[in-house]
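Below is one structure, written out as structure tokens; comments come after it.
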Amino acid sequence: MPLLPTPDTRHVDFDKIYEPSEDSYLLLDTLSSDSETKFLHDRFPAQTASPVVLEVGTGSGVVLSFLTTNSTAIFGHDSILTLGIDVSMPANLATRETVSRNNPRGFYLDSLTGNLTTPLRDGSVDMLVFNPPYVPTAELPILPGEEDEDTGRELDLLALTYAGGPDGMVTTDRLLDMLERVLSEDRGVAYVLLCAQNKPEAVAERLRLGGYGEKGVRWKVEKVGTSGKKAGWEVLGIWRIWR
């Protein structure tokens, strides 16, 4: 497939919002690769109901805009519904602007302010994309509304985009627990980015053995994208998760 255009994000205030970086571009490359476009063409054929495509943690909106603008190439048709969720209101406003500026072909629904998938009803998402805060940190930053003058706890929107707590997996584990609830049962699929320090092979095996969520769904899991290796370590990987 020829290279697809990267959405323009020059309007975004990167003092408050995560700037597209290696992880963002790895998602773009992976989702537009020959193997994944074939998977998505087969998963969501044009004659079936329009899939709801959700990105959790949209930041600048570069990934969601890429999927909405290039829906024909990636899904084989423009009959997709895209939706974003971010805990940061500035990120949601930026995402709306990014999508509108980059000639959307699919139908963009909106960007919601919320904590992971909690605003959504069960089984409502057909494809979920998540570039989590994956950097291991001693603790998690506070969420909007948790500021406390007495303790000096202040909101740091940028920290929310990268600080993942011990092993960098606190937020990701919460999202993986939600997959069995939020993904549609017949065709739901998720693409999740993990770094080497997240112990991705162990995460994948836990998913395969039904270790996430209350129902213990045994997921199919495959690594479908990688940023390559540095000093012998694979730095970033994109994992496809489906029933």
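Keep in mind that the numbers below use all heavy atoms, side chains included, and drop hydrogens, waters and symmetry copies.
Under a 3.5 Å cut-off, the side chain of Glu97 and the backbone N or O of Val12 do not form any donor-acceptor pair. No donor-acceptor distance shorter than 3.5 angstrom exists from the side chain of Asn198 to the backbone of Leu194, with no hydrogens or angles considered. Listed for the Ser124 side chain is a donor-acceptor partner under 3.5 Å among the backbone atoms of Arg121.
Each of Leu64 and Tyr191 belongs to its own hydrophobic cluster when Ile, Leu, Val, Met, Phe, Trp and Tyr are linked at side-chain heavy-atom distances under 4.5 angstrom. Phe39 and Ile238 fall within a single hydrophobic cluster, where Ile, Leu, Val, Met, Phe, Trp and Tyr side chains are chained together by heavy-atom contacts under 4.5 Å.
The CG atom of Leu81 lies 5.0 Å from the OG atom of Ser50; values are rounded to the nearest 0.5 Å. With rounding to the nearest 0.5 angstrom, the CD1 atom of Ile17 is 9.5 Å from the CG atom of Asp15. Atom CG of Leu67 sits about 8.0 Å away from atom OG1 of Thr82, to the nearest 0.5 Å. Note that OG1 of Thr113 is 7.5 Å distant from CG of Leu93, once rounded to the nearest 0.5 Å.
The two atoms that bring Asn92 and Thr58 nearest to each other are OD1-OG1, 4.2 Å, heavy atoms only. Closest approach of Thr9 and Phe14 over heavy atoms only: O-CZ, 3.6 Å.
Side-chain contact of Arg181 with Thr117: a donor-acceptor pair under 3.5 Å is present, judged by distance alone. A donor atom on one side chain and an acceptor atom on the other are not found under 3.5 Å apart for Asp86 and Tyr18. Looking only at atom types and distance, the side chain of Thr72 has no donor-acceptor partner in the side chain of His77 under 3.5 Å away.
A heavy-atom distance below 4.5 Å is not found between the side chains of Asn131 and Val63.
Using a cut-off of 4.0 Å between Lys/Arg side-chain N and Asp/Glu carboxylate O, Glu36 and Arg240 are scored as salt-bridged. No salt bridge links Arg43 with Asp126; every basic N to acidic carboxylate O contact stays at or beyond 4.0 Å. The residues Asp34 and Lys38 are annotated as not salt-bridged, no charged nitrogen and carboxylate oxygen being separated by less than 4.0 angstrom.
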